[in-house]
Amino acid sequence: MPWIDACALVDIEEEDLVRLDHEGRTYAVYRISGEEVYCTDGLCTHEKVHLADGLVVDHTIECPKHNGQFDVRTGNAIRSPACEALKTYPARVVDGRVHVEIP
Amino acid sequence: MGLMRLITFPMERDYSLTGPERQNAFDKGLAGAEWYRTPVDRKVLKSLMKRTDWPATRDMAIWVAVLVGSGAGGILLWGSWWALPFFFVYGVFYASAADSRWHECGHGTAFKTRWKNDAVYELASFLIMRNSVVWRWSHARHHTDTIIVGRDPEIAGMRPPQLIVLCLNLFGIVAVPQGLVALARNAAGILPPDEADLIPETERGKAIRVGRIHIAIYVLVALISIWSWSLLPLMIIGLPRAYGIWLLLVMGLPQHLGLAEDVLDYRINSRTVLMNRILRFIYWNMNYHIEHHMYPMVPYHALPKLHEVVKHDLPAPNPSLWNAWSEIIPCVRRQLRDPRHFIRPQLPEGAGVWEPVRSNQTA
């Protein structure tokens, strides 16, 4: 899979995320602190709500609609009503830009 | 079921989750659709969603203190009329206040610490006789498909409104037996079709286990009452769900009663009612109901601030509970003759216009 330039690192606040739409799919790109970044699918596995409107707390993303929670490092669902894991994708910071490896 | 027929009015629409309205909701793109939300700047929203343990810890301490104080007073004065005011307070805080604790902790927003949300959620679920697993999924659906007939399991104000049932439920006369039967059914390993429609396979075992725990405790309390030949144990655990729930209905029914069905805009199907500090403490600010539905991840203690941020785009709130019921009662009386009647809230000039984004989900 190719590495995609998602955004500048400064475009994402610490403990926050942005939505990335690419090739007809939507992703969520997270910045925890400094250059620690992650990427997952952008829709909650429970009801397909955009996670970009949710809340990042430590390494957890909370779905804005029902508070299903996922660990952004592994994609694992850690609070119902989310039961199914999110897909995760490699992410890195290169020269102040966030790159993600997505299909 | 025969008894229920005697106290319910026939309805045009089928409000169950497995009847024909379910398919209609999917066909019309109303199931799992996108809803209108008043835009809020991301930084502001993040600050409103911020979690903290303090307000809920303080409020829980007050809640427990009132329960212990009033419960102790009721026990000490048992047998005299002086026990009545103590049980009046105990019942309201046991049942009416437990509903809001159940609600907020179910959303996982009351506390920052996850186990605290979960612990209070389980306790409050028990107090109000709800299976914590079943109702977690039920409430998630209520937020996905708010007042969408055939999808929302928590529509309290059907059309025509079931006034006899609603009045009886001011003292839990229908809801308590129904709640106990539902728990007993779960305890027996049964999930009826409406519950099975909500809960994924992987969660059903948990629902059955919770049903067994709740029923075991209620049976134990009932046996202690029989053994001691006193109603007192049941006055402390179980019966308050009946005698203390009336305030919840007075505060909670206006959330949606008399408003539109099958719309994708919370401003049209939900109601915000201004209340005094005591009621807002008992209700944990759920009177800001449009705001809660638009942004359910904003904790209860931040809802007054969210109200200030979005109110320019919302119908004017009802200034009091009295005012809300003054608008609701004529509406539900008319709905007895004309079930298609409902209240259309007036949006302010310049309010956001919603182009519904209907869902393409299939049943």
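Below, chains carry the letters A, B, ... as their sequence lines are ordered, and counting in each starts from 1. Everything numeric in this text was worked out from a predicted model, so none of it was measured.
Below 4.5 Å, heavy atoms of chain A meet heavy atoms from B/R42, B/K43, B/K46, B/M49, B/R51, all part of residues 40-60 of chain B. Contact residues of residues 62-78 of chain A toward chain B are A/E62, A/C63, A/P64, A/K65, A/H66, A/N67, A/Q69, A/I78 (heavy-atom distance under 4.5 Å).
Between the CZ atom of A/R79 and the CZ atom of B/R136 there is a distance of 4.5 Å, given to the nearest 0.5 Å. For the atom pair CD (A/E47) and CG (B/D145), the distance works out to 7.0 Å, reported to the nearest 0.5 Å.
Heavy-atom neighbours of A/D95 CG from other residues, nucleotides or ligands within 6.0 Å: at or below the threshold of 12.
For the pair A/S80 and B/W137, the tightest heavy-atom approach, listed with the atom from each and the gap, is CB-CZ2, 4.1 Å.
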Without placing hydrogens or testing angles, list every side-chain donor-acceptor pair under 3.5 Å for residues 289-297 of chain B, not counting sequence neighbours.
unit_1 : atom_1 : unit_2 : atom_2 : d
B/H289 : ND1    : B/M286 : O      : 3.1
B/H289 : NE2    : B/Q255 : OE1    : 3.4
B/H289 : NE2    : B/H256 : NE2    : 3.4
B/H289 : NE2    : B/H293 : NE2    : 3.3
B/E291 : OE1    : B/T272 : OG1    : 2.6
B/E291 : OE2    : B/H307 : ND1    : 2.5
B/H292 : NE2    : B/H103 : NE2    : 3.1
B/H292 : NE2    : B/H107 : NE2    : 3.2
B/H292 : NE2    : B/H143 : NE2    : 3.1
B/H293 : ND1    : B/T146 : OG1    : 3.4
B/H293 : NE2    : B/H142 : NE2    : 3.3
B/Y295 : OH     : B/T38  : O      : 2.6

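Scanning for ring pair (Phe, Tyr, Trp, His ring centres under 6.0 Å) contacts around B/Y36 gives B/W354, with sequence neighbours left out.
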